[in-house]
There are 2 protein chains.
Amino acid sequence: MEVSQNPLNRKQQIERTATSLFRTKGYAATSMRDLAHELGIEAASLYSHIKSKEEILQRVCFRVAQEFFEALDAAEANSGCATSRLKKAIAAHVRVLTQNTEASAVFLYEWRHLSEPMHSTYRNLRDRYEARFRDMIREGTASDEFHVPDEKFAVLTILSALNWIHTWYRPDGKMKPAEIAENISNMLLHGLSYPTQPH
Amino acid sequence: MEVSQNPLNRKQQIERTATSLFRTKGYAATSMRDLAHELGIEAASLYSHIKSKEEILQRVCFRVAQEFFEALDAAEANSGCATSRLKKAIAAHVRVLTQNTEASAVFLYEWRHLSEPMHSTYRNLRDRYEARFRDMIREGTASDEFHVPDEKFAVLTILSALNWIHTWYRPDGKMKPAEIAENISNMLLHGLSYPTQPH
DNA sequence: CCTACCGATCGGTAGG
DNA sequence: CCTACCGATCGGTAGG
């Protein structure tokens with residue numbers, strides 16, 4: 001992951017502003033005139049930098065997808081037991097979510113406005129991402145670390161618990177990303193009934 | 001909850017069809033002409049039965065909200081310990097979700113297109129609903145049944161795990177609503193690491 | 001429930 | 001990056 005401190009070029013500014021609008025108003029309800037107005041230019045001028053409204057959505061969705069995969073790769077690199085791998089994967093997922101709250105909200109809820117073939121490509125990526133979590137659960141079940149009625153069910157429950165974070169997370173809030181990951185991991189691995197360890 | 005077997009009147013047909021379109025295409029991307037076409041009439045004819053596009057969204061959102069509250073009231077009626085109350089509340093929530101997959105998806109993701117004052121009314125309802133779950137968690141913490149770092153955090157994690165169900169639940173699938181509730185309750189209360197009870 | 005139609009707005013292009 | 005503009009489509013109304 002590369003964090004650029006350079007001033008954003010015009011295309012990046014457009015994408016960033018569009019991400020914010022897509023997140024709050026939704027893709028379909030955001031007009032190119034809304035976007036242009038936010039940037040202080042005319043709608044027609046946007047097309048010197050981008051090909052179409054949908055191109056922006058595509059770029060946002062696939063950039064976030066790539067970040068999720070890179071984070072998961074790093075998390076699975078030096079793998080221990082299934083429990084520790086799952087914990088690392090959860091922490092990586094939370095990190096991407098919290099570092100890209102707006103973009104990840106667009107990634108999660110606006111992708112359905114992608115047209116073919118991008119729509120199918122996106123779905124395949126999501127499937128492959130979830131499959132890697134299913135593998136972790138399956139291995140944890142084999143090693144008797146986890147006890148779940150259905151791997152797919154467990155993965156969807158885990159990811160849905162994580163994917164809600166963008167609705168309430170605030171960078172200046174009291175819970176930091178690592179703490180959120182720790183708390184969610186504890187809750188998902190041990191449950192509400194389990195005493196939390198003091199630290 | 002009243003399940004009517006009567007044939008739907010025209011207004012109900014419009015709402016049901018709109019719900020399905022809002023769910024798959026999103027509210028903003030669904031046109032009144034789309035809706036009319038699906039019903040085999042002209043767009044102008046819709047307005048003999050409804051006042052506006054937004055009226056449909058309002059009716060769907062607030063009908064679902066009412067169902068969630070009624071189900072929660074029933075679940076909390078003969079209350080036992082916090083654990084059993086939470087389990088019943090989860091089962092009630094899952095029942096409403098699975099019996100109204102399309103409407104609850106609209107309720108969860110399209111409400112932001114409500115204009116004021118309905119937008120605020122909706123948010124207040126959601127807040128009150130979540131507050132009742134927070135109360136359950138708080139009481140369970142007081143009675144040493146639950147151990148959570150933060151009640152609000154716990155509630156949002158629980159509800160987000162539940163609210164994803166509509167994306168994969170199929171009435172003819174292998175997991176029945178009661179079973180889904182049971183599995184999610186176990187996972188949330190005891191965690192992945194806890195042996196599942198055979199039944 | 002229809003035909004006929006309204007003003008507003010949409011994504012996008014031509015040409016500079 | 002702008003002015004000027006395109007055809008298409010939007011939610012909704014009038015009048016029957």
Side-chain angles (χ1 to χ4, degrees), chain A residues 6-62 106 109-119 122, chain B residues 6-62 106 109-119 122:
Chain A
N6 299 339
L8 301 176
N9 65 31
R10 206 47 161 164
K11 184 158 184 171
Q12 290 170 322
Q13 279 181 48
I14 291 171
E15 267 179 43
R16 209 230 243 149
T17 307
T19 301
S20 171
L21 288 170
F22 291 171
R23 187 250 184 107
T24 48
K25 305 177 61 136
Y27 175 77
T30 301
S31 74
M32 296 305 272
R33 283 156 180 87
D34 289 338
L35 175 55
H37 178 80
E38 205 79 14
L39 291 159
I41 60 176
E42 293 301 316
S45 307
L46 292 167
Y47 293 88
S48 327
H49 302 95
I50 54 147
K51 282 201 286 285
S52 66
K53 184 182 176 186
E54 197 182 317
E55 190 210 10
I56 307 176
L57 181 63
Q58 282 172 21
R59 291 175 60 94
V60 175
C61 287
F62 290 102
V106 172
Y109 301 111
E110 304 300 327
W111 63 272
R112 63 174 161 181
H113 294 108
L114 293 170
S115 56
E116 293 296 348
M118 289 311 195
H119 192 270
Y122 176 93
Chain B
N6 299 339
L8 300 175
N9 65 31
R10 205 50 161 163
K11 184 157 184 170
Q12 290 169 323
Q13 280 182 46
I14 291 171
E15 268 178 45
R16 210 230 243 150
T17 307
T19 301
S20 171
L21 288 170
F22 291 170
R23 189 249 183 106
T24 48
K25 304 177 60 135
Y27 174 78
T30 301
S31 74
M32 295 306 270
R33 283 158 181 85
D34 289 337
L35 176 53
H37 179 78
E38 204 79 15
L39 291 158
I41 61 177
E42 293 301 317
S45 307
L46 291 167
Y47 292 89
S48 327
H49 302 97
I50 54 148
K51 283 204 282 290
S52 67
K53 183 183 177 184
E54 196 183 320
E55 191 210 9
I56 307 177
L57 181 62
Q58 282 172 21
R59 292 176 58 97
V60 175
C61 287
F62 289 102
V106 171
Y109 301 109
E110 304 301 326
W111 64 271
R112 64 175 161 178
H113 294 108
L114 293 170
S115 56
E116 293 297 348
M118 289 310 195
H119 193 270
Y122 176 94

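Proteins come first, then strands; the chains are lettered A, B, ... in the order of their sequence lines, and each starts at number 1. Remember, predicted model here, so these are calculated numbers, not experimental data.
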For this session: Go through the steps for A:Lys11 and A:Arg59 under the test side chain to side chain contact (heavy atoms under 4.5 Å, CB included), then give the verdict.
Result: CA-CA 11 Å; A:Lys11 184 158 184 171; A:Arg59 291 175 60 94; 3.6 Å; yes
Exercise. Within a reach of under 6.0 Å around NE2 of A:His37, are more than 12 heavy atoms found that belong to other residues, nucleotides or ligands?
Worked result: no
Exercise. Hey, are the side chains of A:Ile50 and A:Glu15 touching, using non-hydrogen atoms and a 4.5 Å cut-off?
Worked result: no
Exercise. When the ring planes of B:Tyr122 and B:Trp111 are compared, do they come out parallel, tilted or perpendicular, using 30° and 60° as the limits?
Worked result: parallel
For this session: If a protein heavy atom is under 4.0 Å from the base, mark B; if only from the sugar-phosphate, S; if neither, -; do that for nucleotides 3-16 of chain C going 5' to 3'.
Result: BB-----BBBB---
Exercise. With a cut-off of 6.0 Å (strictly less than), are more than 12 heavy atoms of other residues, nucleotides or ligands near CZ of A:Arg16?
Worked result: no
For this session: Any chance you could encode DNA chain D as dot-bracket? Rule is Watson-Crick or G-U wobble with both distances under 3.5 Å; [ ] for pairs crossing earlier ones, | for another strand.
Result: ||||||||||||||||
Exercise. Do you know which two heavy atoms are closest between A:Thr17 and A:Glu38, and how far apart they sit?
Worked result: CG2-CG, 3.4 Å
Exercise. Within the side chain of B:Glu54, is there an N or O that forms a donor-acceptor pair under 3.5 Å with the backbone of B:Ser115?
Worked result: yes
